Amino acid sequence: MTNYLTIRVMNNEQKQLLKRIEEFSLDKPDVNLTFSQRLARENNWSIDYTHKVIKEYKKFIFLAVVAGHVVTPSEQIDQVWHLHLTYTRSYWDEFCLKVLQQTLHHRPTEGGQSENVKYDDLYRQTLNSYQKFFANSAPQDIWSSPHIRFGKDLDFKRINTQENWIIPKPNISFIIESIIHKTAKFNKTTTLVVSIFLIILITLGNTLPGLAENTPFYWDFLNINLDIQENGDLLVTEEQKYVFKDSHSPQRYRFINLDSIKAIKDVQVFEDNHLLPIETAIKGNKFWIEWQDYLDNHNVHTFVLKYRAIGAVVNKYGADRLDWKAIFPKRQSVINNSEITVNFPKSLVGKLKTYYAAGGNFKSDLIDNSAIKFTSLQSLSPGESASIKLIFPGNSLNFEPFDLSLALKTMPDFSENVVGYFIVGVIFMIFAGMVILFLFLFVSAITGNLPKGKSNSSGGWGGCSGGCSSGCGGGG
């Protein structure tokens with residue numbers, strides 16, 4: 001089958017609308033403080049970056065009118081929208097009435113889990129529509145990824161700089177550089193804390209060797225094929241190509257979290273089309289698969305894992321949903337390439353509404369309304385995971401009744417590794433406490449006391465609806 005990306009070709013009416021929006025100026029001539037200057041000042045942006053954000057704001061407004069679904073802006077674009085709304089004559093009388101030729105209202109979120117899920121999905125739809133209409137991905141320095149948009153971007157606050165200090169949170173590289181270049185300025189207490197901090201960091205590296213292990217192999221590729229079944233199960237096929245750089249043990253393993261599924265069944269592992277003997281076990285909330293290399297004295301091993309994930313697809317919020325962690329995070333080696341293909345059963349063909357990959361850098365290609373492929377655009381670093389999410393509106397699958405016995409089988413065995421978990425927990429608590437103490441004394445040594453600040457606004461995000469037939473999204 002041929003992969004393709006659906007690009008929306010604008011009709012003449014849409015082209016004229018985009019032209020009117022792009023030609024509309026937010027800056028009035030002959031004023032001491034223009035819209036752009038005010039926007040840059042309030043957000044501490046450069047004027048060049050501000051102009052880029054305004055350009056993306058105009059694209060967002062275009063999508064709000066023509067995308068055919070509710071749209072939601074990035075945090076930066078939302079700041080432009082908020083400020084534009086305060087220029088009431090410009091926004092309502094000139095922009096909406098003459099340029100858009102319809103009203104466009106801003107509606108913040110009403111809060112709650114369902115709203116969180118809804119606007120996360122709408123933001124991802126907005127990014128997809130951006131790519132379809134403009135034939136390019138939205139610039140990430142303005143359109144942050146969804147986990148950032150609804151993560152740290154929600155902590156944006158407006159503050160009064162006459163009453164509050166703005167001090168960036170220190171990072172490790174900043175601390176080390178300060179130690180090297182400013183040691184002479186530190187008092188004895190700060191020097192002692194820095195020394196303790198470094199000793200603990202080194203000790204943790206030795207105590208927890210898994211964090212710094214240098215594995216003798218990497219994955220040339222990890223390709224995954226997911227076949228959705230009519231009953232909500234998922235048939236998974238993983239093809240993993242190991243390339244070994246050094247001597248190695250023949251033992252291999254893979255574990256699968258059981259948090260969001262009922263059970264794993266029908267497990268098979270192959271190498272060179274040879275069915276390998278395997279051992280499986282449930283430890284805590286993880287399903288473990290263990291096997292050994294079939295080919296001896298080879299630096300390259302390609303394994304094919306097959307299994308059934310029972311209950312992987314669920315129906316929530318009026319839609320059939322697949323949320324699958326395809327690239328597992330608990331590894332210390334890089335994955336050079338990855339492809340994740342999802343095939344739909346007959347009942348879901350042509351019904352896919354929302355799709356995206358979270359984690360890594362993947363592009364998506366629809367395949368004849370019956371499948372979708374996610375292809376990595378760069379390697380996945382050690383510990384970096386990737387999940388794919390698909391949403392099919394309605395309730396099209398024939399879900400099997402919930403089997404309580406399967407759930408009981410996957411309950412954690414709290415008798416295992418209790419002492420080990422306790423020791424690791426205590427070590428990390430001590431480490432976290434020392435980091436907090438170090439940062440406290442570090443700031444004290446530099447400033448003389450600790451900054452105190454008050455926020456004059458609350459967080460929040462959301463969307464809006466209005467006179468446009470499709471509605472539109474917005475920030476809180």
Side-chain angles (χ1 to χ4, degrees), residues 1 3-7 69 72 74 116-132 134-141 143-153 219-228 234-240 256-257 259-261 309 312-314 316 319-331 334-344 348 351-393:
M1 296 182 181
N3 295 344
Y4 64 93
L5 175 65
T6 303
I7 303 297
H69 59 80
T72 296
S74 68
N116 294 349
V117 173
K118 178 176 74 173
Y119 284 110
D120 182 276
D121 290 343
L122 292 176
Y123 184 66
R124 297 177 190 274
Q125 289 183 53
T126 303
L127 294 179
N128 286 335
S129 292
Y130 184 108
Q131 188 172 19
K132 291 177 181 178
F134 299 113
N136 282 301
S137 299
Q140 292 190 349
D141 61 335
W143 294 84
S144 56
S145 60
H147 75 278
I148 294 177
R149 173 64 179 95
F150 301 115
K152 70 177 184 179
D153 277 0
W219 280 274
D220 184 42
F221 63 78
L222 174 53
N223 296 334
I224 299 134
N225 194 81
L226 306 174
D227 290 304
I228 300 176
L234 195 65
L235 296 184
V236 183
T237 301
E238 298 180 5
E239 187 177 7
Q240 305 183 19
I256 304 157
N257 282 320
D259 296 333
S260 58
I261 58 177
V313 183
V314 298
K316 292 194 300 185
D320 293 332
R321 297 167 179 262
L322 171 64
D323 190 352
W324 185 256
K325 181 163 287 187
I327 306 297
F328 40 90
K330 297 293 185 180
R331 54 184 171 78
V334 69
I335 299 175
N336 285 343
N337 302 283
S338 179
E339 287 185 352
I340 306 167
T341 303
V342 188
N343 302 296
F344 315 150
L348 295 180
K351 297 182 180 180
L352 179 63
K353 180 180 180 182
T354 302
Y355 53 89
Y356 55 87
N361 184 8
F362 285 81
K363 72 170 184 176
S364 57
D365 297 298
L366 287 171
I367 307 174
D368 295 345
N369 290 326
S370 63
I372 186 170
K373 177 180 287 186
F374 299 88
T375 305
S376 63
L377 299 179
Q378 62 188 47
S379 62
L380 291 104
S381 58
E384 183 177 20
S385 65
S387 301
I388 56 100
K389 184 171 183 178
L390 308 182
I391 299 178
F392 305 85

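For the single chain, residues carry numbers from 1 onward in sequence order. Everything numeric in this text was worked out from a predicted model, so none of it was measured.
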Study note, to complete from the structure: Closest heavy-atom pair, Leu322 versus Val342, reported as atoms and distance to 0.1 Å, is CD2-CG1, 4.1 Å

Exercise for review: Check the pair Phe344 / Ile367 against side chain to side chain contact (heavy atoms under 4.5 Å, CB included), numbers first and verdict last.
Suggested key: CA-CA 10 Å; Phe344 315 150; Ile367 307 174; over 6 Å; no

Point to revise | Distance, nearest 0.5 Å, that separates CG of Asp323 from NZ of Lys325 | key: 9.0 Å

**Study point:** Nearest heavy-atom neighbours spanning Ala138 and Tyr130
**Key:** CA-CE2, 3.4 Å

Practice item. Would you please test Ile327 and Trp219 for side chain to side chain contact (heavy atoms under 4.5 Å, CB included) and show each step? Key: CA-CA 12 Å; Ile327 306 297; Trp219 280 274; over 6 Å; no

Exercise for review: May I ask you to test the Glu384-Ile335 pair for a side-chain heavy-atom distance under 4.5 Å?
Suggested key: no

Practice item. Please report the shortest heavy-atom distance between Ala357 and Phe362, naming the atom on each side. Key: CB-CB, 3.9 Å

Check your understanding: Given Ser144 and Tyr123, is the side chain to side chain contact (heavy atoms under 4.5 Å, CB included) satisfied, shown in steps?
Key -> CA-CA 10 Å; Ser144 56; Tyr123 184 66; 4.1 Å; yes

Exercise for review: Mind checking the CZ-CG spacing from Arg331 to Leu222? Nearest 0.5 Å is all I need.
Suggested key: 8.0 Å

Practice item. Output, in order, the C-alpha distance, side-chain angles, deciding distance and verdict of side chain to side chain contact (heavy atoms under 4.5 Å, CB included) for Trp143 and Ser137. Key: CA-CA 9 Å; Trp143 294 84; Ser137 299; over 6 Å; no

Practice item. Side-chain contact test, heavy atoms from C-beta onward, threshold under 4.5 Å: evaluate it for Leu366 versus Tyr355 and give yes or no. Key: yes

Exercise for review: May I ask you to test the Asn337-Asn223 pair for a side-chain heavy-atom distance under 4.5 Å?
Suggested key: no

Review point. At their closest point, which heavy atom of Leu380 faces which heavy atom of Val334, and how far apart are they?
Key: O-CG2, 3.2 Å

Review point. Taking C-beta and beyond as the side chain, do Arg321 and Asp121 meet within less than 4.5 Å on heavy atoms?
Key: yes

Point to revise | Donor-acceptor under 3.5 Å (Arg124 side chain, Thr354 main chain) | key: no

Practice item. Determine the minimum heavy-atom distance between Ala386 and Gly359, stating which atoms define it. Key: CB-O, 3.7 Å

Review point. Below 4.5 Å, heavy atoms only, C-beta onward: do Ser376 and Phe221 meet side chain to side chain?
Key: no

Review point. Just by modelled atom types, is the Thr72 backbone N or O under 3.5 Å from a matching donor or acceptor in the Thr126 side chain?
Key: yes

Revision key, fill the gap. Heavy atoms of Lys351 and Pro393 approach each other most closely as O-CD, 3.2 Å

Check your understanding: Going by heavy atoms in the side chains, are Ile228 and Trp324 under 4.5 Å from each other?
Key -> no

Point to revise | From CG (Leu226) to CD1 (Ile372), nearest 0.5 Å | key: 11.5 Å

Check your understanding: Atom OG of Ser338 and atom CG of Asp220: how far apart are they, to the nearest 0.5 Å?
Key -> 11.5 Å

Review point. Side-chain contact, heavy-atom cut-off 4.5 Å: Glu339 with Asn225?
Key: no

Revision key, fill the gap. Output for pair (Ile261 CD1, Ile256 CD1), nearest 0.5 Å, gives 6.5 Å

Check your understanding: How long is the span from the CD atom in Glu238 to the CZ atom in Phe328, to the nearest 0.5 Å?
Key -> 6.5 Å

